[in-house]
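In what follows, every chain begins at residue 1, and chains take the letters A, B, ... in the order their sequences are listed.
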2 protein chains.
Amino acid sequence: MDQIHSASLVGDAIGAISRHIRERDLMPGDKLPSEALLSKELNVSRTVVREAFRSLAAMRIIELATGKRATVAQIDHGAMSLMIEHGVHTDQINIHQIYDVRRTIETRIVTLAAIRRTDEEAAEILRLAAQMKASLGDPAALMEYDLAFHTALAQASRNPVYSLLIGSFQGITRQTWPMGWKTRPTQAARDLMVQTHIDIARAVAASDPLKAVELMTLHFDESVRALLTAGMS
Amino acid sequence: MDQIHSASLVGDAIGAISRHIRERDLMPGDKLPSEALLSKELNVSRTVVREAFRSLAAMRIIELATGKRATVAQIDHGAMSLMIEHGVHTDQINIHQIYDVRRTIETRIVTLAAIRRTDEEAAEILRLAAQMKASLGDPAALMEYDLAFHTALAQASRNPVYSLLIGSFQGITRQTWPMGWKTRPTQAARDLMVQTHIDIARAVAASDPLKAVELMTLHFDESVRALLTAGMS
DNA sequence: CAAGCAAAACCTGTCTGACAGGTTGGGGGA
DNA sequence: TCCCCCAACCTGTCAGACAGGTTTTGCTTG
């Protein structure tokens with residue numbers, strides 16, 4: 001984890017700072033040394049330390065704030081989201097591949113959610129599904145409730161890695177969701193899509209993992225079909 | 001994707017550069033403007049442009065090289081790997097959660113690999129499994145072949161997102177793998193672990209996805225049991 | 001003595017200018 | 001025509017400076 005970046009002063013500084021965090025077992029929120037102090041300890045200019053900080057901040061490993069010292073950060077999907085978007089924009093990843101991964105992890109998520117969800121989480125998931133139905137006339141709002149629904153399921157799975165991954169796909173999903181919506185031109189198709197979410201929420205609330213998985217699979221089958229209809233090869 | 005970073009000149013610059021890439025449809029390898037030019041166009045100092053470049057480079061969205069201009073980068077798991085490691089080191093993620101995710105995606109990967117693998121990929125996967133067996137006396141080498149084996153499977157799945165995810169877990173796996181190995185103290189347990197890999201390779205080579213999934217599930221069940229034995233809660 | 005406030009000390013964000021190399025394209029010589 | 005070398009370009013790093021934002025300190029006041 002350290003020498004990956006070496007061969008440049010900034011790379012060395014990134015390694016040194018990472019090591020500092022690990023060796024002292026710093027936890028999210030803990031403060032790092034000031035730029036001035038680090039530049040003195042590492043025998044490099046403040047410029048180098050700053051660029052190292054920026055790099056770590058880009059990966060959301062640390063957090064920067066003006067006036068305050070840098071702190072250790074909580075994991076966050078922002079960086080991953082940008083990386084995925086970049087991959088799609090540069091034709092290194094296509095939407096179908098994203099959907100295959102989402103289907104794979106979301107069927108697992110919904111199983112775990114059905115087993116582990118608290119009553120509060122179940123209520124929230126039901127509420128978001130209901131909000132989707134109430135937003136049938138407002139695609140933008142509907143999309144946001146849709147995203148929040150899947151995020152809530154990931155949360156209920158009690159595995160932060162799933163939350164991270166679902167979050168990572170959110171950025172690109174925001175850009176492609178409207179396409180999928182347009183290919184469901186009939187009211188029936190749109191109602192079905194929303195109803196499936198409601199049914200998934202009910203299955204999770206009823207702690208019925210098998211039913212939940214079945215419905216989630218149905219949802220993704222339908223979504224992929226919609227994308228194909230849209231002519232996305 | 002743009003205004004996430006705003007409220008600071010560096011953030012704005014990151015947004016402007018990202019937009020530049022997207023609007024001009026730049027592909028991996030394409031050159032970006034020089035720091036001097038960008039600093040002139042964006043009306044900021046070269047310092048700001050450099051920090052923006054560093055941020056994008058940390059996410060492997062662009063690539064920097066001394067003397068040359070920055071180029072658009074290929075997706076790479078390096079950054080994600082560091083992020084995951086950070087999450088584990090700061091107790092935000094534990095090993096079991098990683099294993100649950102790996103099991104979920106690797107069972108899908110092995111299905112796809114069994115269906116889509118080329119003959120060359122099948123041969124490579126078999127070769128790596130054989131190398132594992134040949135390295136039974138050298139844990140470090142065995143681990144590397146193990147990692148390469150799973151990477152090759154992901155490759156054969158023909159979905160770069162799976163490769164990305166498997167790569168993301170490699171960093172932390174390198175740090176925890178020896179623990180799992182130590183908890184398989186008997187020769188029988190160790191032979192079984194390696195034999196399972198060989199069997200998976202054969203199932204993939206035989207284009208038998210069901211058998212491959214069954215064996216992969218077995219492998220993960222066994223690995224999780226080993227971790228539990230090691231006292232990892 | 002305690003509470004509160006204001007100045008001092010500290011810290012980050014950005015700018016400017018400078019210089020040591022690494023890279024590249026083009027012109028001139030063989 | 002081919003090759004080599006130089007000039008132009010570009011990045012990596014450093015030093016110093018200053019405008020704000022933040023934290024600490026210590027004094028003042030009730």
(request) Compare side-chain N and O positions of B:Arg54 against OP1 and OP2 of D:dT13 and report whether any pair is under 4.0 Å apart. (result) yes

(request) Check whether any side-chain N or O of A:Arg50 sits under 4.0 Å from OP1 or OP2 of C:dT12, and answer yes or no. (result) no

Can you check the [X] [atom1] to [N] [atom2] distance for me, whole Å?
X       : N      : atom1 : atom2 : value
A:Asp12 : D:dT13 : CG    : P     : 9 Å
B:Leu38 : D:dC9  : CG    : P     : 17 Å
A:Glu63 : D:dT22 : CD    : P     : 14 Å
B:Phe53 : C:dT14 : CZ    : C1'   : 17 Å
A:Lys40 : D:dC14 : NZ    : P     : 15 Å
A:Leu37 : C:dT12 : CG    : C1'   : 15 Å
A:Leu32 : C:dT12 : CG    : C1'   : 14 Å
A:Arg69 : D:dT24 : CZ    : C1'   : 13 Å

Using atom types as modelled and distance alone, determine if a side-chain donor or acceptor of [X] lies under 3.5 Å from a backbone N or O of [Y].
X        : Y        : value
A:Asn159 : B:Gln97  : yes
B:Ser135 : B:Asp138 : no
A:Arg116 : A:Ser157 : yes

(message) On a heavy-atom basis, which atom in A:Ile62 and which in A:Ala70 lie closest, and how many Å separate them?
(response) CD1-CB, 4.3 Å

(request) Kindly give the heavy-atom pair with the smallest separation between A:Leu32 and A:Thr71, and that separation in Å. (result) CD1-C, 3.8 Å

(request) Among C:dT12, D:dT13, D:dC10, find the nucleotide with the atom closest to the side chain of B:Ser34. (result) D:dC10

Between the protein and nucleotides 16-25 of chain C, are there any N/O to N/O pairs under 3.5 Å, and if so, what are the atom names and distances?
residue	atom	partner	partner atom	Å
C:dA18	N6	B:Arg46	NH2	3.4

(message) Tell me whether B:Arg102 forms a cation-pi arrangement with B:Tyr99, defined as NZ or CZ under 6.0 Å from the six-membered ring centre and within 45 degrees of its axis.
(response) yes

(request) Only counting residues at least two apart or in another chain, list the ones meeting ring-ring contact (aromatic ring centres under 6.0 Å, His included) with B:His219. (result) B:His150, B:His197

